[in-house]
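No hydrogens, no waters, no symmetry mates; every other heavy atom, side chains included, goes into these values. Start at 1 with the first residue, then count along the sequence.
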Amino acid sequence: MEIRGYKPVSKGNPRQVKKAAEMLAASKRPVCYAGGGAILSNANVELTAIAHRLKAPVTTTLQGLGAFPETDPLSLGMLGMHGTWYANMAMQEADLIVAIGSRFDDRVTGRLDGFAPKAQIIHIDIDPTCIGKNVEADLPIVGDKEVLTELLPHVEPCDSDEWLKTIDQWKAEHPLRFKKDPNDQTARSGAAIVRTDSGRSHHFGGCRATPDVGGTILQITQPRSWLSSGGLGTMGYGFPAAMGAQVACPIARLSPSSVTADFR
């Protein structure tokens, strides 16, 4: 679409991209933080490749779910107010945060004066007004997913082994917990069943999950399989969204909207 006065830049500045690679290589506690922009730009393949090559954990926003498979050992799940304990701890203890298509909104940061105090920040976004708007970036890069394509050949594994061990320990000590039946402590809750089964492709492969309001206990593994009203917080969104998704993708299997709406 041609809009006079709006000419977005898709490729990153070569010097900035090279500097980003140098910062990644020097990092010992990196975190990749992906938002809805990673979904809109179809950057999931490039993001996954960079995370694996760098050996860096990945966390996503609510709108970024699916940009990185949550069944991957490097996944931290969602961060922020409704995110996992270990994703938030990783952000606070990181020495480098690579923000990709995300805007550091208040649901992620909480109090800005206490957010990620130990981290340098690389912020990649196609919208220059989002960079530095809430959290100052040490290295801003304006561009689309092509920035990740340009960055990937320069990425080398960093010394993150101890960092990953620490995160694995956090995951073991602070896993997602679900309410149990007070009359039967051995019974699995509906949320626990969905969480366990969501990573199995024969149950949820190719489905589109459509919640009403809140986070999800599904493990989202593919981009554009999570449909949410995001910050609008519209109750009643899930059911009509499921209908629209079925019309758009008639061969896909849909998980009931109530699954993600009722279980936190």
Side-chain angles (χ1 to χ4, degrees), residues 28-35 38 44 47-48 51-52 54-95 97 102 107-110 114-116 118-119 160-205 207 209 211-223 225-226 228 255-256 258-264:
K28 292 188 177 181
R29 300 189 308 277
V31 173
C32 295
Y33 153 51
N44 56 295
L47 168 61
T48 302
H52 285 166
L54 181 63
K55 297 193 301 182
V58 180
T59 185
T60 68
T61 65
L62 180 70
Q63 295 291 60
L65 289 170
F68 188 80
E70 291 192 289
T71 51
D72 191 292
L74 290 175
S75 173
L76 296 169
M78 192 172 75
L79 81 164
M81 183 183 297
H82 299 291
T84 65
W85 187 92
Y86 40 85
N88 289 302
M89 279 298 295
M91 294 291 275
Q92 291 302 99
E93 295 297 323
D95 64 5
I97 294 172
S102 51
R107 296 301 177 97
V108 165
T109 64
F115 175 73
K118 304 174 183 179
S160 62
D161 290 347
E162 290 302 316
W163 176 231
L164 296 180
K165 288 179 182 178
T166 298
I167 289 175
D168 285 343
Q169 183 176 347
W170 287 343
K171 288 181 177 181
E173 294 175 350
H174 301 275
L176 289 175
R177 292 184 172 89
F178 309 104
K179 293 181 180 179
K180 291 187 176 182
D181 185 340
N183 299 317
D184 185 358
Q185 292 294 309
T186 64
R188 296 173 69 198
S189 68
I193 292 170
V194 170
R195 178 71 182 185
T196 302
D197 288 347
S198 64
R200 301 175 184 173
S201 59
H202 65 279
H203 280 295
F204 289 94
C207 79
D212 281 325
V213 176
T216 177
I217 47 85
L218 286 171
Q219 289 182 297
I220 307 299
T221 61
Q222 300 174 11
S225 59
W226 168 253
S228 169
S255 59
S258 60
V259 167
T260 48
D262 294 343
F263 301 115
R264 300 295 179 91

Qualifying residues under salt bridge (charged side-chain N to carboxylate O under 4.0 Å, His left out), relative to D161, sequence neighbours excluded: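 Per chain and number, D161 pairs via salt bridge (charged side-chain N to carboxylate O under 4.0 Å, His left out) with K55.
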For [X] versus [Y], what's the shortest heavy-atom pair and its separation?
X: F68; Y: T48; value: CD1-OG1, 3.6 Å
X: S75; Y: K171; value: O-NZ, 2.8 Å
X: N44; Y: G66; value: CB-O, 4.4 Å

Euclidean distance, H174 NE2 relative to T84 OG1, rounded to 0.5 Å: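 So the OG1 of T84 and the NE2 of H174 are separated by 11.0 Å.
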Please tell me if the side chains of [X] and [Y] come closer than 4.5 Å, counting only heavy atoms from C-beta onward.
X: W85; Y: L176; answer: no
X: S102; Y: V108; answer: no
X: E173; Y: Y86; answer: no
X: L79; Y: T60; answer: no
X: P57; Y: V31; answer: yes
X: H52; Y: D72; answer: yes
X: L74; Y: I167; answer: no
X: D95; Y: W163; answer: no

Flag, side chain of [X] to backbone of [Y], donor-acceptor distance under 3.5 Å:
X: S225; Y: I220; value: no
X: Q92; Y: G114; value: yes
X: K28; Y: E162; value: no
X: S160; Y: R29; value: no

